[in-house]
2 protein chains.
Amino acid sequence: MPYTYLYPRPALTVDCVVFGLDDEDLKVILIQRDLPPFSGQWALPGGFVRLEETLDAAARRELQEETGLEDVFLEQFYAFGNLDRDPRERVVSVAYYGLVNLRNYRVQATTDARDAAWFPVQQLPNLPFDHNQIVAMAHDRLRTKVRYEPIGFELLPKKFTLTQLQTLYEKVLGQRLDKRNFRKKILKMHLLIELDELEQNVPHRAARLYQFDQQKYHHLKQSGFNFEL
Amino acid sequence: MPYTYLYPRPALTVDCVVFGLDDEDLKVILIQRDLPPFSGQWALPGGFVRLEETLDAAARRELQEETGLEDVFLEQFYAFGNLDRDPRERVVSVAYYGLVNLRNYRVQATTDARDAAWFPVQQLPNLPFDHNQIVAMAHDRLRTKVRYEPIGFELLPKKFTLTQLQTLYEKVLGQRLDKRNFRKKILKMHLLIELDELEQNVPHRAARLYQFDQQKYHHLKQSGFNFEL
DNA sequence: TCAAAAGTGTTGATATTACACCCATGC
DNA sequence: GCATGGGTGTAATATCAACACTTTTGA
């Protein structure tokens with residue numbers, strides 16, 4: 001019970017800003033807090049770091065426990081350490097952003113989780129602590145990073161159409177792109193594997209499916225190649 | 001004296017990787033530890049975060065106390081949380097990279113500081129804890145960031161020549177650049193103020209001095225401009 | 001007058017932008 | 001047969017890479 005130290009220590013937590021994309025919007029998953037402070041309010045999934053787990057492990061564990069999401073692309077992006085960010089006491093939080101493909105996860109998330117829900121990034125409720133600031137910074141990081149690393153694919157199913165890929169970029173970057181130029185540019189990198197499969201169950205001509213070539217990307221990256229869109 | 005908590009807490013520290021540039025090399029400042037563990041060894045400046053200070057404040061304070069460096073450009077880049085990074089107990093460290101102009105600071109650093117010294121990045125001693133990894137990641141971040149944000153100027157005096165600017169980029173990026181193309185590209189951004197002053201005391205034709213236009217950069221950035229080199 | 005670095009333009013290759021129509025499919 | 005999105009090329013412009021000589025200055 002008693003954990004005693006010579007000097008006072010801040011508490012240490014992790015928080016996760018997980019983005020998902022569906023047909024409408026870029027969304028963020030929030031949980032409804034069941035403990036004070038701010039119980040009942042929507043907030044970012046997260047919690048205290050245990051002594052015997054790394055920061056990454058803590059982020060994954062909390063995300064799984066609170067939202068049911070597993071095997072998510074997660075990357076640490078900033079440690080928040082303002083003095084008054086938590087009303088109880090000094091708490092420093094290491095923040096992660098994550099990316100999931102909502103077409104696969106949507107159902108699971110609501111089954112496994114207690115009170116988790118996806119909110120459009122543009123219409124988030126007011127969040128407790130400094131969570132609004134954390135989301136803003138995560139969103140910013142996503143916008144920046146998506147342009148020079150191929151992380152956007154994490155928001156899509158393994159097999160996707162070029163139009164899906166394009167609308168992903170349009171939604172994350174917040175601007176329209178030219179179809180022909182986009183296709184030229186992305187195909188010229190030779191990082192997409194053209195599959196012998198088509199979209200299913202669409203009420204119009206079915207589009208060809210593609211897959212991102214992770215291996216090839218890692219090879220090229222090693223030899224100095226830079227993804228850039 | 002006893003600070004007691006319901007659950008165990010990791011200790012929280014900050015560490016600083018401060019880069020400086022002189023005529024030879026890109027360098028990093030290290031301090032000689034006078035307390036265990038690893039006393040006597042060269043290590044990154046850093047130390048425990050106090051309850052009543054932000055992370056940024058802690059980084060600045062430790063850097064000042066241990067090296068004498070003040071008013072340094074400092075930016076947080078990653079939190080290190082491996083379980084065994086400190087032999088004593090679980091310690092999570094928030095790491096910062098910093099940039100200073102060695103022509104101004106070199107003297108001060110050795111007067112104010114106890115046992116601080118600048119080491120070429122390419123020839124660092126073996127460092128304790130995970131400090132080698134921290135330096136590697138800071139270096140990587142610097143290389144990446146210097147290309148799309150005008151932070152390189154922090155490594156130069158306020159007034160500098162285009163050649164100094166170019167060799168800065170050559171040393172940080174580790175590649176030679178074409179003089180004419182470099183000058184064209186950097187001048188076309190219109191972010192440099194051409195001064196009516198020349199270099200002094202050089203044994204050859206004196207070069208014109210320039211100054212980075214912070215204000216203009218912030219304006220342009222607001223309106224969507226992206227620095228890129 | 002020599003050594004050392006400053007300063008300066010052109011050209012060919014490559015990349016970027018803007019733009020519109022026909023095609024395949026399901027209903 | 002019609003509505004819906006899939007798929008494709010070209011020309012004008014801007015950017016990038018390669019490349020060498022003259023100028024200024026101090027010693």
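Throughout, a chain's letter reflects where its sequence line sits, starting with A, and its residues are numbered from 1.
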Measure the distance from [atom1] on [X] to [atom2] on [N] and round it to the nearest whole Å.
X	N	atom1	atom2	answer
B:Q200	C:dA6	CD	P	15 Å
B:Q166	C:dG7	CD	C1'	12 Å
B:L165	C:dA6	CG	P	13 Å
B:L229	D:dC16	CG	C1'	13 Å
B:R180	C:dT10	CZ	P	11 Å
B:E228	D:dT15	CD	C1'	12 Å
B:N201	C:dA6	CG	P	15 Å
A:D178	C:dC21	CG	C1'	14 Å

Atom NE2 of B:H219: over 12 foreign heavy atoms under 6.0 Å: no
Residues A:K171, A:D25: salt bridge by 4.0 Å N-O rule: no
Donor-acceptor contact below 3.5 Å, side chain A:R208 vs main chain A:L195: yes
Test item: B:E194 side-chain N/O and B:L209 main-chain N/O as donor-acceptor pair under 3.5 Å: no
Strand DNA chain D in bracket notation, Watson-Crick/G-U under 3.5 Å with | for pairs to another chain: |||||||||||||||.|||||||||||
Partner set under salt bridge (Lys or Arg N to Asp or Glu O under 4.0 Å) for A:K159, not counting sequence neighbours: A:E197
Sub-6.0 Å ring centroid separation between A:F153 and A:F160: yes
For DNA chain C, the residues among residues 204-211 of chain B that have a non-hydrogen atom under 4.0 Å from it: B:H204, B:R205, B:A207, B:R208
Residues in contact with DNA chain C, drawn from residues 181-199 of chain B - heavy-atom cutoff 4.0 Å: B:R183, B:K184
Test ring pair (Phe, Tyr, Trp, His ring centres under 6.0 Å) applied to A:F38 - qualifying residues, sequence neighbours left out: A:F129
A:Y78 and B:Y78 side chains, donor-acceptor separation under 3.5 Å: no
Side-chain donor-acceptor pair present, B:Y97, B:E75, cut-off under 3.5 Å: yes
Qualifying residues under side-chain hydrogen bond (donor to acceptor under 3.5 Å, both in side chains), relative to A:E199, sequence neighbours excluded: none
Distance below 4.0 Å between A:T163 side-chain N/O and D:dG5 OP1 or OP2: no
CA sep, side-chain torsions, deciding dist, call: B:F227, B:F225, ring-ring contact (aromatic ring centres under 6.0 Å, His included): CA-CA 7 Å; B:F227 181 91; B:F225 168 82; 7.2 Å; no
